[in-house]
Undergrad: 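Here it is, the structure in full.
Reminder, nothing fancy here: chain letters follow the sequence lines and each chain counts from 1. Everything numeric in this text was worked out from a predicted model, so none of it was measured.
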2 protein chains.
Amino acid sequence: MTNEDLIWKALGDPTRRALLDDLASEPLTTGELVAKHSDLCRTAVMKHLGVLEDAGLVVVRREGRHRWNYINPVPIDRVCGRWIHGQVRHLTQAVNRLKSFVEDQEEPWPQ
Amino acid sequence: MTNEDLIWKALGDPTRRALLDDLASEPLTTGELVAKHSDLCRTAVMKHLGVLEDAGLVVVRREGRHRWNYINPVPIDRVCGRWIHGQVRHLTQAVNRLKSFVEDQEEPWPQ
DNA sequence: TAGTCATGTCACTATATGGTGACATATATC
DNA sequence: GATATATGTCACCATATAGTGACATGACTA
């Protein structure tokens with residue numbers, strides 16, 4: 001399991017992306033995050049934070065009895081650069097291929 | 001489960017990202033993809049292709065007894081634009097927060 | 001020091017997921 | 001038509017994952 005795999009797996013869960021969204025604007029304690037997600041118990045939030053921390057997407061600072069969770073956008077940017085831009089590099093030719101085969105189809109392809 | 005959730009979930013598996021890598025350079029039949037992944041049985045490859053198709057990341061064209069799998073980079077680009085760029089937008093201030101708190105720590109934060 | 005508050009940890013459950021083999025269908029080829 | 005080939009489908013298994021409640025730890029506060 002490479003670090004990049006950990007990042008993708010962490011981002012694969014909608015709850016974890018929501019947690020990252022919360023942390024994007026400001027660091028929050030675990031308790032504050034739990035308060036924002038009334039549908040989850042505290043243990044579930046902590047598990048998700050653990051996954052995000054293992055992936056390096058969240059960095060933790062302990063202060064007294066508080067645990068401050070910081071988003072770490074660097075890995076996101078790295079993955080975006082290495083994989084997604086690599087994919088998008090093929091966009092033009094792939095779209096051309098799609099166009100040429102869609103001419104023989106009735107249904108349009110997914111947006 | 002929104003379409004965006006399906007995309008992230010599909011990208012969360014390393015095997016599926018490898019399949020997309022294969023399709024990035026050229027469309028392939030299912031049999032050709034199976035040949036490229038000797039560690040997987042054909043059924044497993046087809047399941048992964050089904051997940052990618054549900055997410056709209058792969059488009060299928062049937063030709064006789066062949067099934068041609070095309071990558072569809074449009075959703076990847078859309079997700080990259082809507083979520084990742086939104087995350088990276090916070091990069092500067094987040095990095096500043098990280099820097100300021102790291103001054104009080106010994107260990108550097110994950111790369 | 002006693003109590004509370006926030007966090008950490010453990011055992012457990014239900015479901016999702018990745019993987020497989022067996023069998024069915026459809027198409028090209030002899 | 002008989003056969004080989006590529007794909008489709010089904011039931012099944014093992015494991016990973018998300019989630020929960022109960023309990024433990026550790027720090028602030030009266």
Side-chain angles (χ1 to χ4, degrees), chain A residues 1-23 26-55 57-70 101 104-105, chain B residues 1-23 26-55 57-70 101 104-105:
Chain A
M1 198 68 142
T2 71
N3 186 263
E4 189 164 325
D5 287 344
L6 291 177
I7 295 173
W8 280 109
K9 174 155 287 186
L11 294 178
D13 183 87
T15 302
R16 284 193 287 267
R17 288 197 307 280
L19 290 173
L20 283 182
D21 283 335
D22 293 335
L23 297 178
E26 55 175 350
L28 297 170
T29 68
T30 304
E32 289 171 325
L33 281 171
V34 172
K36 278 179 173 252
H37 295 263
S38 55
D39 54 325
L40 296 177
C41 73
R42 187 179 56 85
T43 312
V45 172
M46 289 203 58
K47 271 196 186 178
H48 284 305
L49 286 174
V51 174
L52 291 168
E53 198 180 355
D54 289 341
L57 292 168
V58 161
V59 183
V60 170
R61 175 172 64 95
R62 285 175 182 77
E63 179 185 289
R65 61 179 165 180
H66 293 282
R67 167 194 160 124
W68 288 95
N69 303 279
Y70 291 71
F101 109 66
D104 306 334
Q105 305 288 112
Chain B
M1 198 68 145
T2 71
N3 185 262
E4 190 164 324
D5 288 343
L6 291 177
I7 294 174
W8 280 109
K9 174 154 287 186
L11 294 177
D13 182 87
T15 302
R16 284 194 286 268
R17 287 198 306 281
L19 290 173
L20 283 183
D21 283 335
D22 294 335
L23 296 179
E26 54 175 351
L28 296 170
T29 68
T30 305
E32 289 170 327
L33 281 171
V34 171
K36 278 178 173 252
H37 295 263
S38 55
D39 54 325
L40 296 178
C41 74
R42 187 179 55 86
T43 311
V45 172
M46 289 203 58
K47 270 197 186 179
H48 284 305
L49 287 174
V51 174
L52 292 168
E53 200 182 351
D54 288 343
L57 292 167
V58 162
V59 182
V60 171
R61 175 173 65 96
R62 285 175 180 79
E63 178 185 292
R65 61 178 166 182
H66 293 283
R67 168 195 158 123
W68 288 95
N69 303 279
Y70 291 71
F101 109 66
D104 305 335
Q105 306 286 112

Undergrad: Side chain of A:M46 only, heavy atoms from C-beta on: which candidate in D:dT17, C:dT7, C:dG18 is closest?
TA: C:dT7

Undergrad: To the nearest angstrom, how far is B:R42 atom CZ from D:dA6 atom P?
TA: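 About 10 Å, once rounded to whole Å.
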
Undergrad: By nearest atom, which of the nucleotides C:dT20, C:dT27, D:dT9 is closest to the B:A44 side chain?
TA: C:dT20

Undergrad: Counting heavy atoms from C-beta on, name the nucleotide in C:dT7, D:dT7, D:dA27 closest to the side chain of A:R65.
TA: D:dA27

Undergrad: Provide, to the nearest angstrom, the distance between the CD atom belonging to B:E53 and the C1' atom belonging to D:dG8.
TA: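 From B:E53 CD to D:dG8 C1': 12 Å.
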
Undergrad: Please give, in whole Å, the distance from C:dG21 P to B:K47 NZ?
TA: 13 Å

Undergrad: Separation of B:L52 atom CG from C:dT17 atom P, in whole Å?
TA: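 So the two atoms are 14 Å apart, to the nearest Å.
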
Undergrad: Using whole Å, what does the distance between atom C1' of nucleotide C:dG8 and atom CZ of A:R67 come to?
TA: 9 Å

Undergrad: Within this structure, what is the CD-to-C1' distance between A:E63 and D:dC28, rounded to whole angstrom?
TA: 12 Å

Undergrad: Round to a whole Å and report the spacing from CG of B:L40 to P of C:dT20.
TA: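 That distance rounds to 6 Å.
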
Undergrad: A:E63 and side chain to side chain donor-acceptor pair (under 3.5 Å): which single residue from A:H66, A:R67, A:R61 fits?
TA: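 The single option meeting the side chain to side chain donor-acceptor pair (under 3.5 Å) with A:E63 is A:R61.
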
Undergrad: On DNA chain C, nearest-nucleotide positions of A:N69 versus A:T43: which is more 5'?
TA: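 Result: A:N69.
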
Undergrad: When the distance from NE2 of A:H48 to P of C:dT9 is rounded to whole Å, what number comes out?
TA: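 Taking NE2 of A:H48 and P of C:dT9, I get 18 Å after rounding.
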
